[in-house]
> 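Okay, handing you the structure first.
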Amino acid sequence: MPINDWQFWVVTIIAIGALWMLKRVLMPKKKGTKATLTMGGKPVPRRKSKSDDCG
């Protein structure tokens, strides 16, 4: 590996930049807001219990 060659470092920097751009395209930021559960227009309080699952 020619680590003393300037062309090696230019290509390495370009490859790292391309991988960073590819990561940004394939893994977009999570955008969104949490929705609140309502029944009849009134928010439902969340229970904090050990049996929080449906099963």
> Using a cut-off of 6.0 Å, state whether more than 12 heavy atoms not belonging to Ile3 lie near its atom CD1.
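At most 12 heavy atoms, drawn from other residues, nucleotides or ligands, come within 6.0 Å of this atom.
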> Quick check for you: to the nearest 0.5 Å, what is the distance between Ile16 atom CD1 and Met21 atom CE?
15.0 Å
> Just verifying a value: how many Å separate Trp9 CH2 and Ile14 CD1, rounded to the nearest 0.5 Å?
14.0 Å
